[in-house]
Each structure stands twice: as C-alpha cells, then as structure tokens.
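Just follow the structure's listing: the first ligand is 1, and inside any ligand the first atom is 1. In this text, all values refer to a predicted model and were calculated from it rather than measured experimentally.
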Amino acid sequence: EASKEIILLGHKYPTDEWTNVTPRVISKLGRNLHILLYHPLSLIRQRIVNYFYLQFHNRIGNPIFSVYDNLSPIVTVEQNFDSLLVPKNHPSRNKTDCYYINRDTLLRAHMTAHQTELISMGLNNFLVVGDVYRRDEIDSTHYPAFHQVDAVRLCTKDEVFENVKNTDELKLFEHRGVESNEKQGCHTLESVKVMEHELKNTLTGLAQTLFGSEVQYRWVEQYFPFTHPSWELEVYYKGQWLEILGCGIIRQEILQRTGTAERIGWAFGLGLERLAMCLYDIPDIRLFWSKDTAFSDQFKTEDPNAIIKYKPISIYPPCKSDISFWLPEDKHYSSNDFYDLVREVGGDRIQQVVLKDEFIHPTTKRLSHCYRITYRHMERTLSKLEVNNIHKQIKQQVSEKLHVKVR
Ligand code: PHE
C-alpha cells in the first residue's frame, strides 16, 4: 500500500494519503491547448504576448518580456504556496480545493507557482502561460483544468523614475515605514504610485486591445498573499461585470528571498477561458477540450486578431435528474468530492451540477444535500438509457466512496 506510485508526464511519483488526482484530470496533462495551433486559447495567448512585445521594448526595439509556455504543471507545495507567502492554514491549500499528487507535490493551482524560480534565474520581465488545476463546482464556466497567463515586471530605481529629471531625493525604499492600504511598509509612496500607474495602464490597455477601445472597466481592491496592494480588473461585457484578472505590487519579502532586493515589481494573473468565451461567444467551457473538427475548424485563422463568433454546431437537449443523500455523520464531506465523482463517472456528458437544497432533519439533526445534475453532451444527443445508467452509477459510487446514504 505505502509504496504505490503513479506516473505523470513520464515521471514516477509516490502516492500517499494526500493523493486526490483523478484519472479524468490526469488525462488533461499534456494536452497543452494554450500552444495548440489555431486553438482559441492559443489565439488569445498570441494576442496577449503581441501586446506585451509591442508595449515593452528596449532602445533598439527588441521586446524585453520573455515568454515561458512549456513549464511542467507538476509543482511542489513550496512553489505553489510557501514561496508566495501563502499562510500554512490558508484555505487555498486544502485537499478539497487542489489536486495533490502527494503531500509535497500538486498540479499547479495558478501560474504564479513559477514566479520565484524565474525571478531567481535573474529574469526581470516575463510572461508564464500554461494549464492550471483546481477542484471546483460544475457549470458552463468552471472546469477542473483551465489556463492562465501570469506576468512579472521588476524595475530598478532608475527605471521607475526614468521620466523624472532630478531623482536624488527619490527613493524606492524607506526604513521603518508602516504598511497601509496604499503600500507595503518598506516601499516609498512615490515608487509604489509609479508602479501602480504603469501596472494599471498596461492592463487597461490590454483590456482595450482585447475588447475594443470603448470597453467599460473598473478596479476593485483585492487581497493576495503575494502582492500588496492588490486589485482585480473587471470589464463590463454583455450586461455584466466580469472579473478578468488579479494583480498587484509584489511583496518585497519575495524579492528579498530571491536575491532581487534592489528592485520593486508588479505582477498579474489572468484566465484565458473566460476571455475566449466572451470574445468568441463560446457558450460552454467543455468545448475547449473538444477534439471535434466542427469546433476547431471555426478558429483556423492566421490572424489572431480576426473577429470570430462561434456558431454552435447544433443544440442537443439537456436532461435533468436529482440526487439526494444524507451526509456521513462521522466523516468529512465536501461538495467538491461529489463534483469530482460525478465527473469521473459522467465525464463530459455532465453540463452542470447545482446544490439545490440543503436541510437538517428536525429530530435526527442529520444533514441532507440535494443536487440537480444536468446531463448534456456538446456533440451528440444523449439517450434516456445512457443518462439513467450514469445516474445509477453515480448513486452507487456516491454511497460507496463518500459514505453518504442515498434517499
Ligand atoms: N494567482 C492569482 C490567481 O490565480 C492571480 C494573481 C497573479 C494575482 C499575480 C496577483 C499577482 O487568482
């Protein structure tokens, strides 16, 4: 038992009581949709990279940002959390939220996992693109594997104040400063404000490049353990505010630990699926993983800036079925365990799972959950028989594996 191993991307890993990667999630490793020719996620990646090449170049016109889009998604807990100052008890570390290979190793939950190693290598301006993995609910915009672009820019004092004539009185750092909403203790207000300005300009410029120059946007204050201050950028699209990225001024402690203490930096991370769904009218996140040419053919363009609106091949009917059960009294239960189980059994035939009802039995005090499962394939009609079969298997497995009592 204790010596069990799994092989992922050609490497062997020991498993332990933390292991919770599922075969279905493992099957996504190596698909690399973000660099697949003509794939919509790849088109958006190209647009973002081109924007950075255009915006940031040296005196002779060469781009200063380097791009890493081929780093292994298997990272250590140290890379994904510790190196980024994520507290030991932070909920994002939970087994219920991440796919662990074992207690020390997981599928990266964000591209920020590579930040410190790339900074340690001496890089000052870089983009990192790749697949990330998170346990989450099931609906048209959530999938356990998705893609992110992260960026880091580190500046010396001369770079920060390059447009100022006499910089003698200006400093990046101050001693005995106090942390406020506006800045970290060690930074001067003037250095942070210049960096914040460049960061926000860069990102609103990116939003305008992607969504058009008239796009409405707003900044929302946010918290990340690895940046301060931190913000989210939201854009108004088709009647609602969409959060498209998180960003902020890098915690100086991170730069100190990686031997870059003389620079100040900003960073951001954005999700590609959300952007692609808006820009191409893609209605369901599962479509990105489709191998059907009826999907991929619609994005065959040499011009990543081409305006493409996805036309659904045809609409297949959904089929809904409920499942109710009593939660175990003596064991831990998380909805994410149920969602993973449903995905393992139903695969891409599952469109959505919602927790419809939650109630406590008046006398026994037992907790009951009722979920509505919507069955619908993107590429074909499901038969009643097929749906009933999956539903039955889910009922069976949920009692065996999650120790619940189906009602
Ligand atoms: N890693 C963060 C996320 O996944 C985004 C982020 C990156 C925020 C870099 C700030 C700086 O939500």
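Nearest-residue assignment for atom 3 (C) of ligand 1 (options His228, Arg134, Met111; heavy-atom criterion): Arg134.
Looking at ligand 1, you'll find an N or O of Gln148 within less than 3.5 Å of one of its N or O atoms. Close N/O approach between Thr112 and ligand 1 is found [any backbone or side-chain N/O within under 3.5 Å].
A tilted orientation is assigned to the rings of Trp326 and Phe359, their planes being inclined by 30° to 60°.
Residue-level proximity to ligand 1 for Leu245 is absent, since no heavy atom of it falls below 4.0 angstrom. Neither the backbone nor the side chain of Gln115 has a heavy atom within less than 4.0 Å of ligand 1. The part of Cys247 lying near ligand 1 is the backbone, judged by heavy-atom distances below 4.0 Å. Looking at Phe226 against ligand 1, only its side chain comes within 4.0 Å, counting heavy atoms.
In this structure, atom 12 (O) of ligand 1 lies nearest to the protein heavy atom Phe224 CE2, 4.0 Å. Protein heavy atom in closest approach to atom 9 (C) of ligand 1: Phe268 C, 3.5 Å.
Taking a cut-off of under 4.0 Å to the non-hydrogen atoms of Gly246, the atoms of ligand 1 that pass are 6 (C), 8 (C), 10 (C). If you number the atoms of ligand 1 from 1 as listed, the ones under 4.0 Å from a heavy atom of Asp150 come out as 7 (C), 9 (C).
A donor-acceptor contact closer than 3.5 angstrom is absent between the side chains of Gln148 and His110. There is no side-chain donor-acceptor pair under 3.5 Å between Ser27 and Arg24. With no hydrogens or angles considered, no side-chain donor-acceptor pair links His39 and Arg45 at under 3.5 Å.
For Glu162 and Arg59, the salt-bridge test fails: no basic side-chain N is under 4.0 Å from an acidic carboxylate O.
Annotation: cation-pi pair Arg343/Tyr143 present, NZ/CZ under 6.0 Å from the ring centroid and within 45° of its normal.
A distance below 6.0 Å separates the ring centres of His369 and Tyr333.
With hydrogens and angles ignored, the 3.5 Å screen pairs no side-chain donor or acceptor of Arg93 with any backbone N or O of His90.
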